[in-house]
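The figures that follow rest on heavy atoms only: side chains count, while hydrogens, waters and symmetry mates do not. First listed ligand is number 1; within each ligand, the first listed atom is number 1.
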Amino acid sequence: MEGDCVKEASTYCRVCEPSCGLVAQIEEGELVGLKPDKAHPVTQGFACNKGLAGLELHRDPDRCNDPERRRADGSFERISWDTAISEIAERIQEIDQRHGSGAFGSYIGNPIAFNALGGPATISFLRQLGVQRNFSSGTQDCTNKFAGSEGVYGTSTCHPIPDFDHTDYLLILGSNPQVSRMSFISIADPMRRIKDIQKRGGTVRYINSRTIESASDSDEVILVRPDTDVYLLAALLCEIADSGRMNQAVIRDHATRIDELLAFVRQYPAQRVAEIVGLPAERIIALAHEFADARSASATMSTGLNMGRQGTIAYWLTQMLVFVTGNLDHRGGNLYATGFYPDAPRTGRRDARRDFFESPWGRIRTIRGSLPGNLIADFIDAEEEPIRALFVVSGNPLLTVGGESRMREAFEKLELLVTVDLYRNATGQLADYVLPATDGFERHDLNLCGLGLQHRPFVQVAEPVVVPRGQRKPEWWIFGKLEQALGYRSILDHGETPPLFSRLDHMLSRVGLTTDEIKQADRQTVALDMPEPGDFYERVIQTEDGRVDCCPPYFREEGAMDRVETIFEELASEPADQLKLISKREPSMHNSWFQNLPKVRGRHHREPRLWMHPEDASCRGLKEGDRVRVRSESGEIEVAVALDKGLVRGAAALPHGGGNGKTPALRFASEKPGANANALLPSGPGSFEPISCQAFMTGIPIEVSPA
Ligand SMILES: Nc1nc2c(c(=O)[nH]1)N[C@H]1C(S)=C(S)[C@@H](COP(=O)(O)OP(=O)(O)OC[C@H]3O[C@@H](n4cnc5c(=O)[nH]c(N)nc54)[C@H](O)[C@@H]3O)O[C@H]1N2
Ligand SMILES: Nc1nc2c(c(=O)[nH]1)N[C@H]1C(S)=C(S)[C@@H](COP(=O)(O)OP(=O)(O)OC[C@H]3O[C@@H](n4cnc5c(=O)[nH]c(N)nc54)[C@H](O)[C@@H]3O)O[C@H]1N2
Ligand code: SF4
Ligand SMILES: [Mo]
């Protein structure tokens, strides 16, 4: 029952990309309820179970409410902010004097994407300390898209999205929108938009290794073997070219190096790739025709391809599929969704070749400032200039990056590990200091994450709807304090009212808005222009000549194109019964951070299970519920088997995010921790795509036997 004293305030969800509008109910200064915001001009009352679980997250008794310091015996004690800041600053200075700034590293996790002030605050601190060795969850998630976009469009930040409202054909590769709500597309209620396409008579096809929840009938899913999408895409392009289905006018006006693209894809005609992909050649050919012959067609690919061994190549070829069929910047095809900052593509302009360098682990690169996350342990273990101090902000690399045991050993060697988080999570359990951050209801924000990716562009400003519980502080305050303690410039130098939104106001000025004006609008939200075709080549693309690069030279120079053939041969010589681990998201988890919420996980929640095709199980003598040992080159775990005849033969799916057995601060999560899928994933040199730093996280060879 809502009492008279319950006030409502509009805000938005900070968990994933759609940024769904929420109504917060507040009683006596406390958050007491959350509802989807039906009157939100864009998200229109959509919010999922995780967004609405924000209340449980906000009130979770296991949240970290005070700074904590690790005692010699490994337990933690609460300390004051003054003590935490002065001690950390002192240890930083001491390490800096002994070893210089090369001794420091950082890992910035995914939630910083939904924290518009937290990101710049963290970066300001790291820059002033001179930290060059930065890692981020981007290299588990999407850096292949940055690398692909750098090559094809001359900027890491150009990702044209499907024109959902007009498309006649939507191809979705390696994504399960029913569960994930998509990535690199900010769209509230994606399934409604997808169903709308079908209601209009349009076609939706999923390319996946599993018959996913998103598909309403099995016809919609085209099953492929894990880690083979690159060959399917190449074959589609080959067929489109050879059957005269390319849009020659678009190619003449806007393409460079089309001949090199064609020479490349012609190595992979449907007949050659059919067996590896696991589809009859005729099916591949029909799909090529279907896409090219649709009045308009659009495509998107997500983590199921990002996390394979050739995510950048997959991204490149997906862009090419849209482009050569005349669907880029075309009504019903893929459009660039400008949003509130039209300069975004220009700011991501980059000649990727400048980012490569020689390292003790071979030639590597940084991508948008990040080193490969799969080298964190190697950087800490390095003989020369090891990382000795690490700052982890809104991340949990111990459970979300491959190779848990290597990482655990490495973290234990650090002289200083500081985490800034909502929880003392698995990584925090190894930290010297754990600093309590505010959540989305307690801080100022703006929905920056969707920039350039919004189905319906809008900008929303959030103000705290409640005062922070306990001693929780926003990242700008935490890093501002550390900056002051170290004698650096700090946002806190401005006194009581720091100019929190000045950078964002500067960006907003490009469309004549200010955060103050947005705060005055209904729902503190301003809806912006819908994406329109027409000015992509004039305004968005950032290649030198303003043309789409159909075969970016650095892909070849850095060996990525030769790898395509090497990996093809490897796939061709694999044993027929090779099992491969693929990624799987579940509605009740969100990477590693909803593990401690009983309501989200459900009263009878289970540990992550290994989903196997019934025939793959029975030929190993396994049945539903059996405990099995899963072994990869990198590690071993024990889990229960569950059967799913919707899997492609040879694929086994295991959700990630489990593994909190040694995380006592998360009492619920540690009760039934389940296994950490990432214990099976590779790490170190050779475990990521060289041109993008993207970690291999799907299509990992495994062996399964009774436990
Ligand atoms: N095997 C396997 N592994 C995967 C994936 C997979 O599909 N399979 N997916 C990968 C993907 S796509 C991603 S993005 C990465 C994510 O990898 P990470 O970013 O390392 O991990 P998360 O679980 O998202 O951890 C987020 C942490 O941030 C904290 N947090 C949440 N909000 C805030 C905030 O506002 N401020 C602060 N300071 N902290 C906050 C949470 O409590 C949590 O501890 O995981 C990857 N790992
Ligand atoms: N409930 C929930 N929602 C989430 C998250 C979460 O952890 N839980 N995480 C959020 C984050 S950080 C992200 S990045 C997004 C990710 O959003 P999505 O990319 O949509 O993530 P998934 O649902 O894991 O979909 C990946 C799909 O790829 C398929 N797949 C695996 N390997 C292959 C392959 O080799 N080829 C093909 N074609 N398919 C393959 C899997 O079967 C799976 O259906 O989700 C976000 N939303
Ligand atoms: S879809 Fe994402 S942004 Fe929307 S409510 Fe769910 S978790 Fe929040
Ligand atoms: Mo992600």
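With no hydrogens or angles considered, a side-chain donor-acceptor pair links E689 and S692 at under 3.5 Å. Side-chain contact of N176 with N208: a donor-acceptor pair under 3.5 Å is absent, judged by distance alone. There is no side-chain donor-acceptor pair under 3.5 Å between D644 and H613. Donor-acceptor pairing under 3.5 Å is recorded for the side chains of N115 and E475.
Counting the atoms of ligand 2 from 1 in the order shown, those under 4.0 Å from a heavy atom of D229 are 34 (C), 35 (O), 36 (N), 37 (C), 38 (N). For ligand 2 and L305, the ligand atoms under 4.0 Å from any heavy atom of the residue are 37 (C), 38 (N). Short contacts between ligand 2 and E586, defined as distances under 4.0 Å to a heavy atom of the residue, involve ligand atoms 1 (N), 2 (C), 8 (N). Shown in contact with V224 at under 4.0 Å from a heavy atom are these atoms of ligand 2, numbered in order with element: 38 (N). Counting atoms of ligand 2 from 1 in the listed order, those under 4.0 Å from a heavy atom of V179 are 1 (N), 2 (C), 3 (N). Shown in contact with D227 at under 4.0 Å from a heavy atom are these atoms of ligand 2, numbered in order with element: 34 (C), 35 (O). Here is the list of ligand 2 atoms found below 4.0 Å of a heavy atom in I212: 44 (O). Close contacts between ligand 2 and P226 involve ligand atoms 35 (O) [criterion: under 4.0 Å to a heavy atom].
Of all heavy-atom pairs between P608 and G674, the closest is CD-CA, 3.8 Å. In terms of heavy atoms, D189 sits closest to F46 at N-CD2, 3.3 Å.
Between R225 and ligand 2, no pair of N/O atoms sits closer than 3.5 Å. Polar contact check, I207 against ligand 2: a nitrogen or oxygen pair lies under 3.5 Å apart. Considering backbone and side-chain atoms together, R210 places no N or O closer than 3.5 Å to any N or O of ligand 2.
Aromatic pair F568/Y268: ring centres closer than 6.0 Å. You'll find the ring centres of Y107 and F135 outside the 6.0 Å limit.
For the pair R424 and F76, the cation-pi test (distance below 6.0 Å, angle within 45°) is passed. Taking the centre and axis of the six-membered ring of Y12, the NZ or CZ atom of R14 falls inside the cone set by 45° and 6.0 Å. Judged by the 6.0 Å and 45° rule, R368 forms a cation-pi pair with F146.
Ligand 2 lies within reach of K50, whose nearest heavy atom is under 4.0 Å from it.
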Quick check on ligand 1: any N or O pairs to the protein under 3.5 Å? One line per pair.
| residue | atom | partner | partner atom | Å |
| --- | --- | --- | --- | --- |
| ligand 1 | 1 (N) | N678 | OD1 | 2.8 |
| ligand 1 | 3 (N) | N678 | OD1 | 3.3 |
| ligand 1 | 3 (N) | N678 | ND2 | 3.2 |
| ligand 1 | 7 (O) | R585 | NH1 | 3.2 |
| ligand 1 | 8 (N) | H656 | ND1 | 3.3 |
| ligand 1 | 9 (N) | R585 | NH2 | 3.1 |
| ligand 1 | 9 (N) | H656 | NE2 | 3.4 |
| ligand 1 | 17 (O) | T400 | OG1 | 3.3 |
| ligand 1 | 19 (O) | N110 | N | 2.7 |
| ligand 1 | 20 (O) | Y107 | OH | 2.7 |
| ligand 1 | 20 (O) | N396 | N | 2.9 |
| ligand 1 | 20 (O) | T400 | OG1 | 2.8 |
| ligand 1 | 23 (O) | S592 | N | 2.6 |
| ligand 1 | 23 (O) | S592 | OG | 2.6 |
| ligand 1 | 28 (O) | S394 | O | 3.4 |
| ligand 1 | 28 (O) | D421 | OD2 | 3.4 |
| ligand 1 | 35 (O) | R443 | NH1 | 2.7 |
| ligand 1 | 36 (N) | E475 | OE2 | 2.7 |
| ligand 1 | 38 (N) | V420 | O | 3.0 |
| ligand 1 | 38 (N) | E475 | OE2 | 2.8 |
| ligand 1 | 42 (O) | D421 | OD1 | 2.6 |
| ligand 1 | 44 (O) | D421 | OD1 | 3.0 |
| ligand 1 | 44 (O) | D421 | OD2 | 3.0 |
| ligand 1 | 44 (O) | N425 | ND2 | 2.9 |
| ligand 1 | 47 (N) | T400 | O | 3.0 |

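Classification of E574 and K580 as a salt-bridged pair holds, one side-chain N sitting under 4.0 Å from a carboxylate O.
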